[in-house]
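Down below is the structure, laid out as structure tokens.
Chain letters run A, B, ... following the sequence lines, proteins first, then strands; residues in each count from 1.
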Amino acid sequence: MEEQFKEHSTLQELRQNRIRKMNRFRERGDNPYKYIFHRSATVAEVRKQFEKREQENAEQAQEGIPATLAGRITARREQGKSTFMDLRDESERIQLFFGEKQVGEDKYETLKDFDLGDFIGVEGSVRRTKRGEITLFVKEFQILTKSLRSLPEKFHGLTDVETRYRQRYLDLVANPEVMDTFRKRTQIIDEIRSYLKERGFLEVETPMLHPIPGGATARPFITHHNAYDTDLYLRIAPELYLKRLIVGGFERVFEINRCFRNEGVDTKHNPEFTIMELYEAYQDYLGLMEETEDLFYTVMTKIIGDEKFIYQEQEILLTRPWKRILLHEAIRQFAGIDLEVTRDRDEAKRLAEKVGVEIRPEMGYGKIVDEVMSTKVKPYLVQPTFLYDYPIEISPLAKKKRDNPALTERYQLFIGGLEVCNAFSELNDPLDQRERFMEQVKLREAGDDEAQYLDEDFLTALEVGMPPTAGLGVGIDRLVMLCTNSLSIRDVILFPLLRKL
RNA sequence: GGACGGGUAGCUCAGGUGGAAGAGCAUCGGACUUUUAAUCCGGUGGCCGCGGGUUCGAGUCCCGCCCCGUCUACCA
């Protein structure tokens with residue numbers, strides 16, 4: 001205790017002051033941590049109610065309407081025998097007025113023991129002040145929760161990003177607009193969910209703990225199950241389980257939940273992130289592309305309230321139809337090289353390097369195509385654009401293109417330079433799938449620890465038979481970034497991963 | 001992993017060439033019954049990220065480390 005005191009004497013002093021005040025409530029027989037409080041409405045409701053009354057009859061409204069509110073004190077303007085405070089609940093902010101005469105001298109004296117950040121319950125009547133601000137004129141008030149920490153500064157808010165991420169609760173208290181971002185996030189997910197449910201998709205939950213990580217090329221987190229004494233992996237994708245459900249006879253399924261990838265962290269990647277995957281039987285990638293466009297269009301225009309919006313200074317127009325470009329054609333257009341004429345790794349490397357794309361020795365033909373696309377094409381795909389027909393080498397779970405075995409029936413959607421979805425006609429030929437897995441196994445044995453694992457049970461499932469199916473994966477976090485104009489994925493994840501302190 | 005930028009009071013930030021640690025807000029005391037970034041007067045508050053070094057003297061210069069951000073690399 002003594003040492004702590006020395007370590008942060010300012011903080012400790014502020015804290016001691018508040019503890020002293022908290023104890024004074026106790027001395028008066030008042031619990032500074034109440035169990036329950038019955039409010040008559042939220043601040044927003046009361047404001048609306050008052051404004052309505054005012055429209056009907058302004059004079060009558062000034063007689064005041066009764067209200068009991070609860071919230072946090074966010075500002076305080078003291079003026080001798082009267083005091084103004086700002087009260088904030090989740091819905092809104094409202095001004096409180098306390099007059100010595102109105103609440104009584106002794107009670108008024110106890111106002112000294114309230115600080116910014118405390119939760120307070122107030123009862124009184126709502127009307128406008130002379131300056132025209134809707135205000136609750138307080139008759140009764142009580143402490144609901146005493147806060148022992150001082151809040152970030154009222155004017156500048158909390159700007160230190162590290163504190164904002166590590167102590168998101170402070171960020172939310174100090175920067176109310178942050179709340180809007182996360183409300184929007186939930187709305188987006190709700191919209192997707194209801195869109196899919198309306199169209200007959202069944203929402204399911206598949207395992208997060210996988211004995212074999214599959215469905216994507218990524219390094220997994222490893223954990224251990226004690227009772228079975230076995231290693232398990234946090235899922236990198238739900239894909240292989242959702243397809244098993246299609247094998248089982250479900251025809252339209254989707255899942256919205258977390259995936260985990262043990263990889264780098266940057267503005268577009270968090271080790272745990274939210275994915276929506278859907279699978280639709282008897283559909284192919286072109287049909288699904290149509291549906292993808294409709295899904296994104298419907299959800300985004302609903303959330304944004306318009307067909308156009310700004311992302312990072314760029315105006316994005318959602319008006320349909322969206323552009324569709326063959327992947328190889330996009331590379332020809334944007335990178336100025338043709339990677340379709342060859343499938344030779346060294347030739348592709350030569351071409352890529354000619355236009356300034358760095359190629360590492362372990363990269364094969366497919367990776368080279370992917371790399372050129374990422375650096376030379378993706379940044380320019382600001383308006384919604386589908387790229388389609390990807391090389392087979394980087395699409396081990398996608399069906400071969402019907403007239404070209406070098407390609408797969410796969411597409412990705414890009415908006416604002418962000419990759420927001422990945423989809424394909426699902427490979428349902430069990431023998432082909434086995435060969436593709438064997439390719440991955442070879443890569444793994446050659447030292448590529450992101451190559452996919454062979455999942456024997458998944459192959460068994462395909463042998464049981466999966467109908468023609470198209471599948472779609474959507475990066476929810478990136479979609480939220482677009483809709484909230486966020487530069488970093490950390491701004492749309494409530495508690496992003498930071499290094500342990 | 002690399003490059004660059006940052007870490008100073010609870011919060012937001014200043015602190016040329018090395019020479020007694022500052023402001024605003026918050027907090028504490030005082031004045032004030034219509035304020036709203038209230039105002040006015042007075043006060044408290046600092047391991048200047050951590051550890052070394054150079055120097056008579058380091059927030060400032062040098063070395064190492066930690067954390068954060070951006071870019072890059074890695075990665076659907």
Side-chain angles (χ1 to χ4, degrees), chain A residues 3 6-18 20-21 74-86 93-103 108 112 115-117 127-135 137 147-166 170 173-175 215-219 236-237 239 259 261-271 273 275 358 360 362-363 367 370-371 373-375 378 390 394-395 410 412-414 418-423 448-450 473-475 478 487-488 490 496 498-501:
Chain A
E3 279 157 30
K6 274 179 190 160
E7 266 179 40
H8 300 289
S9 51
T10 309
L11 194 144
Q12 282 306 318
E13 190 193 317
L14 294 170
R15 193 161 168 272
Q16 286 307 323
N17 282 336
R18 285 170 178 244
R20 209 170 301 128
K21 293 174 181 179
T74 58
R76 182 193 181 108
R77 296 173 288 282
E78 228 178 311
Q79 210 170 9
K81 289 174 179 167
S82 71
T83 296
F84 292 91
M85 290 189 191
D86 286 351
R93 179 205 77 93
I94 193 169
Q95 176 166 264
L96 306 178
F97 173 82
F98 301 83
E100 190 190 69
K101 214 158 70 184
Q102 289 82 350
V103 299
Y108 189 81
K112 282 202 298 218
D115 286 299
L116 301 186
R127 59 180 196 272
R128 285 192 191 271
T129 61
K130 280 178 197 161
R131 296 279 175 100
E133 172 142 356
I134 296 176
T135 300
F137 288 77
S147 162
L148 300 183
R149 302 272 177 155
S150 62
L151 293 180
E153 198 218 11
K154 61 185 172 189
F155 190 57
H156 297 90
L158 179 69
T159 62
D160 180 69
V161 283
E162 187 170 352
T163 310
R164 289 189 46 224
Y165 295 150
R166 284 194 196 277
L170 287 180
V173 170
N175 307 314
T217 43
R219 261 186 295 258
I236 55 177
E239 173 151 351
C259 287
R261 296 185 186 175
N262 201 341
E263 278 157 7
V265 172
D266 62 32
T267 48
K268 295 174 187 67
H269 300 263
N270 193 63
F273 62 101
I275 199 167
E358 267 182 61
R360 290 180 309 281
E362 73 277 11
M363 291 168 99
K367 279 256 167 98
D370 197 38
E371 184 67 17
M373 187 276 284
S374 294
T375 58
K378 186 155 89 171
Y390 281 60
I394 47 170
S395 316
R410 173 182 172 194
Q412 294 188 312
L413 173 63
F414 300 85
L418 291 179
E419 171 198 325
V420 291
C421 92
N422 183 27
D448 181 355
D449 53 0
E450 276 148 16
V474 175
R478 290 178 186 177
L487 175 70
S488 170
R490 291 176 163 187
L498 294 189
R499 213 178 284 271
K500 230 196 287 187
L501 282 184

Show me the protein contacts with nucleotides 22-27 of chain B, counting only N or O atoms at under 3.5 Å.
from: B:rG24; atom 1: N2; to: A:Glu153; atom 2: OE2; distance (Å): 3.4
from: B:rA26; atom 1: OP1; to: A:Lys154; atom 2: NZ; distance (Å): 3.1
from: B:rU27; atom 1: O2'; to: A:Asn17; atom 2: ND2; distance (Å): 2.9

Exercise. Using a cut-off of 4.0 Å on non-hydrogen atoms, how would the nucleic acid contact of A:Gly473 be classed: base, sugar-phosphate, or nothing?
Worked result: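 No contact.
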For this session: Would you mind classifying the nucleic acid contact of A:Ala216 as base, sugar-phosphate or nothing, using non-hydrogen atoms under 4.0 angstrom?
Result: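 Nothing, no heavy atom under 4.0 Å.
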Problem set entry | Results of ring-ring contact (aromatic ring centres under 6.0 Å, His included) for A:Phe137 - residues two or more places apart only |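 Result, ring-ring contact (aromatic ring centres under 6.0 Å, His included) vs A:Phe137: A:Phe97.
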Of all residues at least two apart in sequence or in a different chain, which pass the salt bridge (charged side-chain N to carboxylate O under 4.0 Å, His left out) check with [X]?
X: A:Asp115; value: A:Lys21, A:Lys146
X: A:Lys112; value: A:Glu109
X: A:Arg164; value: A:Asp171, A:Asp491
X: A:Glu362; value: A:Arg360

Exercise. Any salt bridge (charged side-chain N to carboxylate O under 4.0 Å, His left out) pairs touching residues 149-161 of chain A, not counting sequence neighbours?
Worked result: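 Of all non-adjacent pairs touching residues 149-161 of chain A, none passes salt bridge (charged side-chain N to carboxylate O under 4.0 Å, His left out).
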Exercise. In terms of side-chain heavy atoms of A:Thr267, which of B:rC71, B:rC11, B:rC67 is nearest?
Worked result: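 Side chain of A:Thr267 sits closest to B:rC71.
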For this session: Verify the contact: side-chain N or O of A:Thr83 to OP1 or OP2 of B:rU33, cut-off strictly under 4.0 Å; return yes or no.
Result: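 Looking at the OP1 and OP2 atoms of B:rU33, neither is under 4.0 Å from any side-chain N or O of A:Thr83.
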Exercise. So, is A:Arg499 near the phosphate of B:rC66, with a side-chain N or O under 4.0 Å from OP1 or OP2?
Worked result: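 Negative; the distance criterion is not met.
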For this session: Please identify each residue that fulfils side-chain contact (heavy atoms from CB on, under 4.5 Å) with A:Arg77, with sequence neighbours left out.
Result: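 side-chain contact (heavy atoms from CB on, under 4.5 Å) list for A:Arg77, sorted by chain: A:Ala75, A:Phe84, A:Asp86, A:Gln95.
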Filtered N/O pairs between nucleotides 30-32 of chain B and protein, under 3.5 Å:
from: B:rC32; atom 1: N3; to: A:Gly80; atom 2: N; distance (Å): 3.2
from: B:rC32; atom 1: N4; to: A:Gly80; atom 2: N; distance (Å): 3.4

Exercise. If each of A:Thr159 and A:Gln102 is mapped to the nucleotide of RNA chain B with the nearest heavy atom, which maps nearer the 5' terminus, i.e. the 5' end?
Worked result: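 Taking each residue's closest nucleotide, the earlier one in sequence belongs to A:Thr159.
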